[in-house]
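Just below is one structure, and these are the notes that go with it.
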Amino acid sequence: MNDCPGTGFYSRPTADVARSLIGTILVRKARLHGKTVRLSGRIIETEAYGHSDDPASHARMGPTPRNGVMFGHVGRAYVYFIYGNHFCVNVSARSRNEKAGAVLIRALEPIQGIKIMNKLRGVSDPMLVASGPGKLTQALDITSLQNGIDMTSAASELHIEHGVRAGNIMATPRIGITRSAERYWRFVDPTSKYLSRKLQIKV
DNA sequence: CGCTCGATATTCT
DNA sequence: GAATATCGAGCGA
């Protein structure tokens, strides 16, 4: 038995996968101080990135040393270093007629290992521990060492498990991009209290 | 609260 | 040389 969405789940249009990932669980089995700890959180914010049809995507110009995972098997971790400061984690996903694609995981509701995640982050507030793409990689001890890992197997040190689908999901423009800013490829669970205040939907 | 700015890898122009 | 799928410190109001 595998509790994880399989490759079929990720072999769909990237935006569909990004929407479906809201409510699933990101699980990290980290080796810290000689002990294996299980850290996890519910995914509440994602963004889809495509191929040459998507001017905002790392894959828009074709493969490079950094983005290779976006062109490989689906369901793998694409971890990259951004602004010389932070890691971001994606899972590769695309329909069968596309050449590249990935879904950026942007925010989590912490579930397991909250105290450890706080320590890794240097914070004490669960609202601040994983409420952004750079924050959640630090909270879950995700670095380029995890690039390429198969996220469809519960045996992996970094994987995604099935969760409870959100009651409603909202689509918005993606954050921090300038090209294709009109495309609604960011998905959030608007009922989550763990979205950062800045990204909170105004009613 | 909101704004500016530094950090500085990777890629593109 | 410039831009970028970010974050937090420092500052002023």
Side-chain angles (χ1 to χ4, degrees), chain A residues 10 13-19 21-22 26 41 43-72 74 76-94 98-108 110 117-148 151 158 160 169-189 194-203:
Chain A
Y10 298 102
T14 311
D16 292 353
V17 176
R19 178 184 290 271
L21 281 171
I22 299 296
L26 182 63
I43 296 173
I44 57 172
E45 180 182 359
T46 61
E47 284 177 1
Y49 287 90
H51 181 213
S52 47
D53 62 322
D54 181 8
S57 173
H58 286 172
R60 69 187 181 279
M61 305 295 288
T64 68
R66 177 175 69 169
N67 69 15
V69 173
M70 292 184 75
F71 292 82
V74 298
R76 304 294 174 96
Y78 168 40
V79 183
Y80 67 89
F81 200 43
I82 189 69
Y83 292 111
N85 278 273
H86 306 281
F87 292 99
C88 292
V89 62
N90 303 242
V91 54
S92 57
R94 62 182 181 277
E98 289 288 335
K99 289 190 167 51
V103 176
L104 173 66
I105 300 171
R106 287 193 57 91
L108 305 176
M117 292 193 278
N118 276 336
K119 187 155 192 171
L120 285 166
R121 284 268 301 127
V123 302
S124 55
D125 182 352
M127 294 291 294
L128 303 176
V129 80
S131 55
K135 299 179 194 177
L136 72 91
T137 53
Q138 189 178 23
L140 271 57
D141 191 36
I142 296 168
T143 70
S144 50
L145 292 176
Q146 280 73 48
N147 192 46
M151 298 182 80
L158 181 64
I160 290 172
I169 294 170
M170 184 167 288
T172 83
R174 292 171 289 183
I175 302 294
I177 55 122
T178 54
R179 308 167 203 238
S180 287
E182 77 293 347
R183 195 175 295 191
Y184 278 40
W185 272 10
R186 170 176 175 254
F187 301 93
V188 301
D189 175 355
Y194 287 85
L195 291 173
S196 67
R197 187 174 285 269
K198 181 179 164 190
L199 307 181
Q200 209 61 268
I201 310 299
K202 292 167 189 158
V203 181

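Per chain, numbering begins at 1; letters A, B, ... match sequence-line order.
- Arg183(A) has its CZ atom 14 Å from the P atom of dA5(C), to the nearest Å.
- The interatomic distance linking Tyr78(A) (OH) with dA5(C) (C1') rounds to 9 Å, in whole Å.
- Between Asn67(A) atom CG and dT11(B) atom P there is a gap of 7 Å when expressed in whole angstrom units.
- In this structure, Arg19(A) is not positioned above the aromatic face of Phe187(A) in the sense of NZ or CZ being under 6.0 Å from the six-membered ring centre and within 45° of the axis.
- With a cut-off of 3.5 Å on both pairing distances, the Watson-Crick or G-U wobble partner of dG8(C) is dC5(B).
- The aromatic rings of Tyr78(A) and His58(A) stand perpendicular to each other, their planes meeting at an angle above 60°, with 30° marking the opposite boundary.
- Taking atom C1' on both nucleotides, dG8(C) is separated from dT10(B) by 22 Å, rounded to a whole Å.
- Contacts of Arg179(A) with the nucleic acid, taken as non-hydrogen atoms under 4.0 Å apart, are absent.
- For dT13(B) and dA5(C), the P atoms lie 13 Å apart once the distance is rounded to whole Å.
- Phosphate proximity of dG8(C) to Arg121(A): present, with a side-chain N or O under 4.0 Å from OP1 or OP2.
- With hydrogens and angles left out, the side chain of Tyr80(A) and the base of dA9(B) share no donor-acceptor pair within 3.5 Å.
- Backbone-only engagement by Arg66(A) is indicated by non-hydrogen atom pairs under 4.0 Å involving sugar-phosphate atoms exclusively.
- At least one side-chain heavy atom of Met117(A) sits under 4.5 Å from a side-chain heavy atom of Leu140(A).
- Tyr49(A) comes within 4.0 angstrom of a nucleotide base, judged by non-hydrogen atoms across all strands.
- For Glu45(A) and dT6(C), the CD to P distance is 10 Å, given to the nearest whole Å.
- In this structure, Arg94(A) contributes its side chain and Val74(A) its backbone to no donor-acceptor pair below 3.5 Å.
- An aromatic stacking contact between Tyr83(A) and the base of dA9(B) is absent, as defined here by ring centres under 5.5 Å apart and ring planes under 30° from parallel.
- Taking CD1 of Ile22(A) as the reference point, atom CG of Asp189(A) lies at 7.0 Å (rounded to 0.5 Å).
- Between the CG atom of Asn85(A) and the P atom of dC7(C) there is a distance of 11 Å, rounded to whole Å.
- Between His86(A) atom NE2 and dA9(C) atom P the separation is 11 Å, expressed in whole Å.
- Take the nearest nucleotide of DNA chain C for Val89(A) and for Gln138(A): the residue whose nucleotide is more 5' is Val89(A).
- Each of dA5(C), dG8(C), dT11(B) was ranked by its minimum atom distance to the side chain of His58(A); first place goes to dA5(C).
- For Ile177(A), counting side-chain heavy atoms from C-beta on, the closest listed nucleotide (dC7(C), dT13(B), dA5(C)) is dA5(C).
- As judged by a 4.0 angstrom heavy-atom cut-off over every strand, Leu104(A) is placed among the base-contacting residues.
- Checking dT4(C), dA5(C), dG8(C) against every side-chain atom of Thr178(A), the shortest atom distance belongs to dT4(C).
- Rounded to whole angstrom, the span from the CG atom of Leu128(A) across to the P atom of dG8(C) amounts to 7 Å.
- Mapping Gly176(A) and Val123(A) onto DNA chain C by nearest heavy atom places Gly176(A) at the nucleotide closer to the 5' end.
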Run Arg186(A) and Thr172(A) through side chain to side chain donor-acceptor pair (under 3.5 Å) and show every step you take.
CA-CA 5 Å; Arg186(A) 170 176 175 254; Thr172(A) 83; 2.9 Å; yes
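- To the nearest angstrom, C1' of dC7(C) lies 12 Å from CD1 of Ile82(A).
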